[in-house]
Amino acid sequence: MSTIERLATIALVILGTQLTRHLSFWIFSKNNEPSWVKYLGKALCPAIFGFLLVYSLKGYGSTAWQAAAALGVTALLHIFKRQMLLSIAGGTLCYMLLVNLIG
Amino acid sequence: MPVSAQSQKAFKAAFRSTLPIMAGFLFLGSGYGLYMRSLGLEPWWPMLTSLLIYAGSMEFVTARLLLGAFDPIGAFLMTLAVNSRHVFYGLALLDSYQVPQKQYLIFGLCDETFSINSSAKVDEDINRGLFYTWVTALNQLYWLAGSTIGAFLWGLVSRVELKGLDFVCTALFAVIFLDSFLKEKSHASSTLGIVLSGACLFILGDGFILPALFLIVLALMLLHKPLGRFYEHD
């Protein structure tokens with residue numbers, strides 16, 4: 001592929017990405033938002049957080065038990081301490097220790 | 001409050017919220033920069049794509065596309081498929097993103113930025129538009145910095161030594177999910193999100209994203225009557 005063809009490919013990837021990000025905002029503006037869209041907008045967030053969690057766990061097949069243990073540590077830290085940064089740092093550290101020291 | 005003081009306050013809050021993403025993006029971004037270099041591409045390719053595409057998983061796909069035969073339509077359709085989930089982020093942020101900086105916020109709406117901006121309880125005395133903008137800009141800066149570092153590290157290191165640091169993004173999503181779960185009045189939406197995504201992943205494998213999101217929307221629509229009262233107010 002020539003440089004121009006590469007730049008054209010990148011331009012279309014940018015266009016596609018922006019289309020997916022803008023679409024909902026183009027279809028619904030604040031004034032013509034039907035009540036079911038208002039409901040969906042609010043009700044969707046917790047479900048998407050769940051989806052993102054599953055989506056991000058997808059790649060851990062080969063280190064499944066380490067990921068599960070680290071996830072448990074993250075959850076326990078968060079339930080008892082309720083400090084986002086502490087829970088995230090603790091869980092990540094646990095995962096790194098497990099995959100590097102035990103494998 | 002003067003404009004600069006307001007901006008500073010928003011910046012501080014945004015910086016704190018994005019710290020885990022700084023760790024994750026510097027690491028994953030440098031992985032992307034190294035990957036692009038390993039394919040024989042010059043450093044400015046990962047920098048350009050990180051700045052303008054700014055959608056992590058799609059950038060890894062783009063790296064492969066740049067080495068194949070020229071197929072712009074295929075690249076466009078592939079992008080729509082990989083990034084279709086953004087449509088649902090937009091739906092969830094329709095109200096919150098009605099601020100003067102809306103155009104840039106939509107431009108930079110990646111998974112991590114969505115998760116911070118849609119879950120953050122912004123203090124009353126912090127300008128919400130400025131907070132969202134700083135979160136978006138900082139995350140983009142971390143990603144760009146990461147891929148730039150990776151692009152120039154190529155040749156100096158054979159392998160990034162911080163094995164497992166990528167878990168920081170998973171931990172972030174886990175904490176955001178749990179935090180919202182512990183506070184919410186109804187667990188219906190959270191439960192649907194986990195169960196339907198998990199089931200679709202189990203049955204369909206890699207192609208689970210769109211079916212999972214469609215099923216979630218469908219289930220929530222069917223439950224509009226019983227669940228409506230839980231999602232009326234901000």
Side-chain angles (χ1 to χ4, degrees), chain A residues 1-2 5-6 8-10 12-25 28 30 33 36-58 60 63 66-67 70-71 74-75 78-79 82 84-85 87-89 91-92 95-96 98-100, chain B residues 19-20 48-49 52-53 55 58 62 65-66 70 72 75-76 79-80 83-84 86-88 90-92 94-95 98 106-107 109 111 115 118 163-165 167-180 184 189-190 192-194 197-198 201 212-213 216-217 220-221 224 227-228 231:
Chain A
M1 226 188 272
S2 69
E5 285 173 338
R6 281 182 176 160
T9 304
I10 289 171
L12 280 156
V13 172
I14 294 170
L15 189 71
T17 303
Q18 289 306 312
L19 197 64
T20 60
R21 287 181 181 166
H22 276 91
L23 193 65
S24 294
F25 294 93
F28 306 107
K30 201 180 171 77
E33 209 180 300
W36 65 267
V37 176
K38 260 193 157 51
Y39 155 76
L40 202 56
K42 293 213 170 68
L44 205 50
C45 275
I48 295 186
F49 298 151
F51 160 80
L52 281 171
L53 177 58
V54 172
Y55 174 68
S56 69
L57 281 170
K58 188 169 65 96
Y60 292 100
T63 54
Q66 293 92 331
L71 212 56
T74 310
H78 201 66
I79 289 166
R82 297 286 179 107
M84 281 211 169
L85 289 179
S87 321
I88 293 169
T92 307
Y95 180 77
M96 290 176 76
L98 287 177
V99 294
N100 285 297
Chain B
L19 274 175
L48 179 82
T49 49
L52 295 177
I53 301 176
M58 193 55 218
T62 305
L65 289 175
L66 293 183
F70 184 53
F76 180 69
T79 310
L80 294 184
N83 286 336
S84 52
H86 294 147
V87 176
F88 300 90
L91 217 47
L94 274 178
D95 279 346
Q98 299 303 330
I106 299 173
F107 163 81
L109 185 53
D111 299 330
S115 68
S118 62
K163 191 177 157 201
L165 186 58
F167 195 81
V168 75
C169 283
T170 305
L172 170 81
F173 291 138
V175 167
I176 283 175
F177 172 79
L178 187 61
D179 207 60
S180 137
E184 65 199 1
S189 176
S190 302
L192 281 171
I194 289 282
S197 306
L201 177 62
L213 289 169
I216 286 169
V217 169
L220 286 173
M221 288 315 294
H224 189 168
L227 291 185
Y231 302 103

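The basis for the numbers below is simple: all heavy atoms, side chains too, and nothing from hydrogens, waters or symmetry mates. The chains referred to below are lettered A, B, ... by the order of the sequence lines, with proteins before strands, and numbering in each begins at 1. A quick note: this is a predicted structure, and the numbers were derived from the prediction, not measured.
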Choice from G198(B), S189(B), G228(B), P20(B) maximising heavy atom contacts with chain A below 4.5 Å:
S189(B)
F173(B) side chain near V54(A) side chain, heavy-atom distance below 4.5 Å
no
With respect to chain B, which residue among A8(A), A75(A), P46(A) yields the maximal number of heavy-atom pairs within a distance under 4.5 Å?
P46(A)
For T62(B), which atoms come within 4.5 Å of any heavy atom of chain A: side chain, backbone, both, or neither?
side chain
For the interface with chain B, which of G91(A), A67(A), S56(A), A70(A) has the highest count of heavy-atom pairs at distances below 4.5 Å?
S56(A)
Which portion of I48(A) sits near chain B, non-hydrogen atoms under 4.5 angstrom:
side chain
Distance from T74(A) atom OG1 to F167(B) atom CZ, nearest 0.5 Å?
5.0 Å
Counting only heavy atoms closer than 4.5 Å, note whether E5(A) contacts chain B via side chain, backbone, both or neither.
both
Side chain to side chain contact (heavy atoms under 4.5 Å, CB included), that's the test. Do L15(A) and F76(B) meet it? Break it down for me.
CA-CA 8 Å; L15(A) 189 71; F76(B) 180 69; 3.9 Å; yes
What residue, out of L23(A), L57(A), T17(A), has the most heavy-atom pairs lying under 4.5 Å from chain B?
T17(A)
With respect to chain A, which residue among C169(B), A212(B), S84(B), P72(B) yields the maximal number of heavy-atom pairs within a distance under 4.5 Å?
P72(B)
Rounded to the nearest 0.5 Å, what separation is found between the CD1 atom of I10(A) and the CG atom of L52(B)?
8.5 Å
Part of L201(B) within contact of chain A (heavy atom distance under 4.5 Å):
side chain
Measuring heavy-atom distances to chain B, does A89(A) have an atom under 4.5 Å in its side chain, in its backbone, in both, or in neither?
neither
Does Y95(A) form a side chain to side chain contact (heavy atoms under 4.5 Å, CB included) with V168(B)? I'd like the steps, not just the answer.
CA-CA 9 Å; Y95(A) 180 77; V168(B) 75; over 6 Å; no
Given the options V13(A), L40(A), L53(A), which has more heavy-atom pairs under 4.5 Å with chain B than any of the others?
V13(A)
Euclidean distance, M221(B) CE relative to W36(A) CH2, rounded to 0.5 Å
5.5 Å
Of all heavy-atom pairs linking S87(A) and V175(B), the shortest is CB-CG2, 3.7 Å
Quick check for you: to the nearest 0.5 Å, what is the distance between L52(A) atom CG and D111(B) atom CG?
5.5 Å
So, the part of L44(A) with a heavy atom under 4.5 Å from chain B: the answer is both
Using non-hydrogen atoms only, which part of Y55(A) is less than 4.5 Å away from chain B: side chain, backbone, both, or neither?
both
Looking at I106(B), I194(B), L227(B), L213(B), which has the largest count of heavy-atom pairs under 4.5 Å with chain A?
I106(B)
Chain A contact via I216(B) - which portion, at a heavy-atom distance below 4.5 Å
side chain
Rounded to the nearest 0.5 Å, what's the gap from CD on Q18(A) to CG on L109(B)? Could you check?
9.5 Å
Contacting moiety of S190(B), where chain A heavy atoms sit under 4.5 Å:
both
Is there a side-chain contact between Y60(A) and T170(B), using heavy atoms and a 4.5 Å cut-off?
yes
Chain A: which of L192(B), V217(B), L80(B), D179(B) shares the most heavy-atom pairs with it under 4.5 Å?
D179(B)
Check: M84(A) and I176(B) side chains under 4.5 Å, non-hydrogen atoms
yes
Does Y39(A) use its side chain to pair, donor to acceptor, with the backbone of L220(B) at less than 3.5 Å?
yes
Nearest heavy-atom neighbours spanning R21(A) and I53(B):
NH1-O, 3.9 Å
Let me confirm one number: the CG-CZ distance from L66(B) to R6(A), rounded to the nearest 0.5 Å.
6.0 Å
Honestly, the part of L71(A) sitting under 4.5 Å from a heavy atom of chain B is both
Which residue out of N83(B), L172(B), L65(B) racks up the most heavy-atom pairs below 4.5 Å with chain A?
N83(B)
Are S118(B) and F49(A) packed together at the side-chain level, in the sense that at least one heavy-atom pair is separated by less than 4.5 angstrom?
yes
Less than 4.5 Å to any heavy atom of chain B: does that hold for the side chain of L19(A), its backbone, both, or neither?
side chain
Which atom names give the shortest non-hydrogen contact between L12(A) and T79(B), and what distance separates them?
O-OG1, 4.5 Å
